[in-house]
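See below for the structure under consideration.
Just so it is clear, the values below take in all heavy atoms, side chains as well, and ignore hydrogens, waters and symmetry mates.
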Amino acid sequence: MPKLTINGVEIEVPAGLNVLQACELAGVEIPRFCYHERLSVAGNCRMCLVEMERAPKPIASCAMPVADGMVIRTDTPMVKKARQGVMEFLLINHPLDCPICDQGGECDLQDQAMAYGTDRSRFAENKRAVPEKYMGPLIKTIMTRCIHCTRCIRFCTEIAGVEEIGALGRGEHMEISTLERAIHSEMTGNLVDVCPVGALTSRPYAFTARPWELRKTYSVDVMDAVGSNIRVDTRGRAVMRILPRLHEDVNEEWIADKTRYACDGLRRQRLDRPYVRGADGRLHEATWEDAFGVIAARLGGLDGHRIAALAGDLCDAESMLALKDLMTALGSPHLDCRQDGAKLDPRARAGYLFNTTIAGIEAADAVVLVGTNPRWEAPLINARLRKRFLMGGFRVGLIGTEVDLTYEVEHLGDGPQALVDLAAGKGAFTAVLERAERPMIVLGMAALRRADGAAILALGREVAERYKMIDDGWNGFNVLHCAAARVGGLDLGFVPGPDGRDVEGILAAAAAGEIDAIYLLGVDEIDMTRLGRPGEGPFVIYQGHHGDAGAHRADVILPGAAYTEKNGTYTNTEGRVQIGRLATFPPGDAREDWTILRALSEHLGHRLPYDNLAQVRQRLVAANPVFAAIDQIEPAAWEPFGTAGEVDPAPFGRAIENYYMTDPISRVSETMAECTRVLVLGNGEEATGTHG
């Protein structure tokens, strides 16, 4: 480890660092614009200049590797003058529009001009003007502000894997451009975060709020099963924006576009009061007492085997626990949290987790993706796979629909036969897995939600065991979920009990008249036509926060809280238990979900044994101790799971047809609708000049 002296203090740092990183370790702040910890070094802004002993001129600390015996000074008059000069150059053409700039208050240029700049400029020439560029429905550009740091280019090329931003021209005529095309990436919004000035800002958020007006709440995302750590910024009762929060093991410092921009859906088509369907077949506003009374009248005296309950994709663990306890008290064994019908085996936790962990992807050296498109199902996991691919020595095999995953993929087949061959040791990719020291397999929902999903799950386990993916300290068997609630529901045992029916069985029984009442907790993705028309099929209770498919079929609607409006526990696809926090209150008469079930239980004569959130969470831990380990990974024991059997040769297909509309929140989001129009349907206004 090299030793160097920084401002008179000797420090020992790991080999391979640059001088800027060494200074940071020594507690010395170095200003920078082009340098970013997760991007390649460009060395073109020159703001990080420092003085090095025996060097004829200041050095760019971001581009200079540390060496033993270096003497670095960061506080000399020469360094100060160099920084002031660089800042003076940067501000030659920068417009004086800080009062109207959306980056105001969060701008690196503002902060560093204040700390390291001077109070005057010697340049009197006219400022240059650069035309705005179209980058899609999510990014608003004011390119006159651009300082050519090239962070956006490097992010798109290196992290997102879409080479759609580049530079045109040279010198002061250089312009950052996409050639008037929308950026086709699920991580576009991160460009706003990496831009150190106000050149790239959020189009949906433009001119809506200032950072000092906002109340900031740390929470977790539920738009997919990754569990990205986020910061929810609110003003009053409105969620104004969602930003990423650093978590190295989950999302690093990025978030996906749906996580960031679907929040405007929280303000539209909300359920803010109870509704009861009247004799005229229409839903009418009701009080909580009236709604509970109707439910009690319909469920009272019913045999528990004629009652069923389903949990949706956005549910927190507390609400699923309360619903399970209530159904158990009513004597119903018909429970399921797998509304897509995935044939996951709840008996073995290792059989439904991403056991390698998200951060563990970086230690793998080969992977087989089965029936999954991680670019749409989990963009942050796809970014990790790309990151590992760029390190080298990482082979990727894909079984399923052939898609662009932003890295090289070897397509092994479209359907289960390729997996059968792999389990039998056939095919060229078997040699890759046999040579690999830490291989992994990822099963997606497109493979597991089929009728033969249990057999495919068993095949996946067979592949994992054949190629020694299960070893001391390494588990290469992974299931990639699409739903934030799925792992938590399985951990709670929100699955059919003895003689109970799964989601398919419940729907079939409802159509046959064998189920008289169904409780839908945020369930909107099932085929509602199988429940029959209101008044003809079973009695349907829908508890949720948006007027989506479940609410349209319901006989009674109980308004619940969205994920930003309650304190809830969520378990991500790798089994990490995380806490989501209340950022704003639910609208109108809506309430937190577990409190609704607690109140309903009294009307049904089966009072649930908890009165506050702390007691609910104690009950969670009693139900499964994994809920006590917050933000930790509890390795799962390797046990048999899946059911061997014949597989259907039909191709796997896709689990998600439209990344931007997968749940009740994103389906009512105007921003997601625009993304669908431009990026999915291809009806963009590219190069027309009408995008503003």
Side-chain angles (χ1 to χ4, degrees), residues 36-42 150-166 178 183-191 193-194 221 223-228 244 246-260 354 356-412 429 432 436 438-444 476 478 480-482 572-574 654-656 659 679:
H36 191 283
E37 291 81 357
R38 301 185 196 278
L39 303 177
S40 60
V41 174
T150 69
R151 278 188 184 182
C152 55
I153 298 174
R154 285 175 284 146
F155 173 84
C156 278
T157 302
E158 298 166 14
I159 307 296
V162 290
E163 298 183 8
E164 297 183 5
I165 301 184
T178 61
I183 302 171
H184 288 76
S185 171
E186 299 71 37
M187 300 180 67
T188 312
N190 295 290
L191 292 172
D193 295 336
V194 301
D221 170 54
M223 294 292 107
D224 56 30
V226 174
S228 299
L246 180 67
H247 195 306
E248 293 289 353
D249 292 334
V250 180
N251 58 299
E252 298 180 301
E253 62 184 80
W254 319 118
I255 54 174
D257 287 346
K258 188 165 53 176
T259 299
R260 186 186 298 263
F354 200 95
T356 300
T357 73
I358 298 171
I361 291 171
E362 298 181 26
D365 48 10
V367 63
V368 180
L369 304 175
V370 182
T372 181
N373 174 9
R375 183 171 175 181
W376 273 14
E377 296 165 25
L380 274 302
I381 288 181
N382 194 63
R384 286 275 188 171
L385 289 167
R386 173 176 168 78
K387 181 180 180 181
R388 176 62 188 90
F389 175 80
L390 293 178
M391 293 178 187
F394 187 63
R395 300 277 293 276
V396 183
L398 173 64
I399 300 175
T401 303
E402 198 167 2
V403 291
D404 177 13
L405 295 178
T406 71
Y407 42 86
E408 291 181 16
V409 170
E410 299 173 46
H411 192 235
L412 309 181
F429 205 77
V432 174
R438 290 188 166 184
M440 56 187 282
I441 184 172
V442 179
L443 297 179
N478 302 289
L480 180 55
H481 293 278
C482 301
N572 75 348
T573 191
E574 61 181 349
R654 299 182 180 182
I656 294 176
Y659 165 73
L679 302 174

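- With hydrogens and angles disregarded, no donor-acceptor distance shorter than 3.5 Å links the side chain of His481 to the backbone of Gly444.
- A distance-only check finds a donor-acceptor pair linking the side chain of Asp257 to the backbone of Thr188 [under 3.5 Å].
- Counting only distance, with no hydrogens or angles, the side chain of Arg388 and the backbone of Ala364 share a donor-acceptor pair below 3.5 Å.
- One finds no salt bridge joining Lys258 and Glu186 here, because no Lys/Arg side-chain nitrogen approaches an Asp/Glu carboxylate oxygen to under 4.0 Å.
- Checked by atom type and distance alone, the side chain of Asn373 never pairs as donor or acceptor with a backbone atom of Ala655 at under 3.5 Å.
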For a side-chain contact (heavy atoms from CB on, under 4.5 Å) check, start with the C-alpha distance between Asn382 and Trp376, then their side-chain angles and the critical distance, and finish with the verdict.
CA-CA 8 Å; Asn382 194 63; Trp376 273 14; over 6 Å; no
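- Not one N or O on the side chain of Asn190 forms a donor-acceptor pair closer than 3.5 Å with the backbone of Asp193.
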side-chain contact (heavy atoms from CB on, under 4.5 Å) between Leu191 and Ile183: does it pass, once the steps are laid out?
CA-CA 11 Å; Leu191 292 172; Ile183 302 171; 3.6 Å; yes
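- The CG atom of Leu385 lies 4.5 Å from the CD1 atom of Ile361; values are rounded to the nearest 0.5 Å.
- Formation of a donor-acceptor pair under 3.5 Å by the Asp221 side chain with backbone atoms of Gly227 is not found in this model.
- Rounding to the nearest 0.5 Å gives a distance of 8.5 Å between CG of Asp365 and CZ of Arg438.
- Judged by distance alone, with hydrogens and angles left aside, the side-chain atoms of Glu158 form no donor-acceptor pair with the main-chain N or O of Leu39 at under 3.5 Å.
- Here the CD-NE2 distance, from Glu253 to His36, works out to 4.0 Å after rounding to the nearest 0.5 Å.
- With values rounded to the nearest 0.5 angstrom, Thr357 atom OG1 is found 9.5 Å from Glu362 atom CD.
- Between the side chain of Arg375 and the backbone N or O of Asp404, at least one donor-acceptor pair lies under 3.5 Å.
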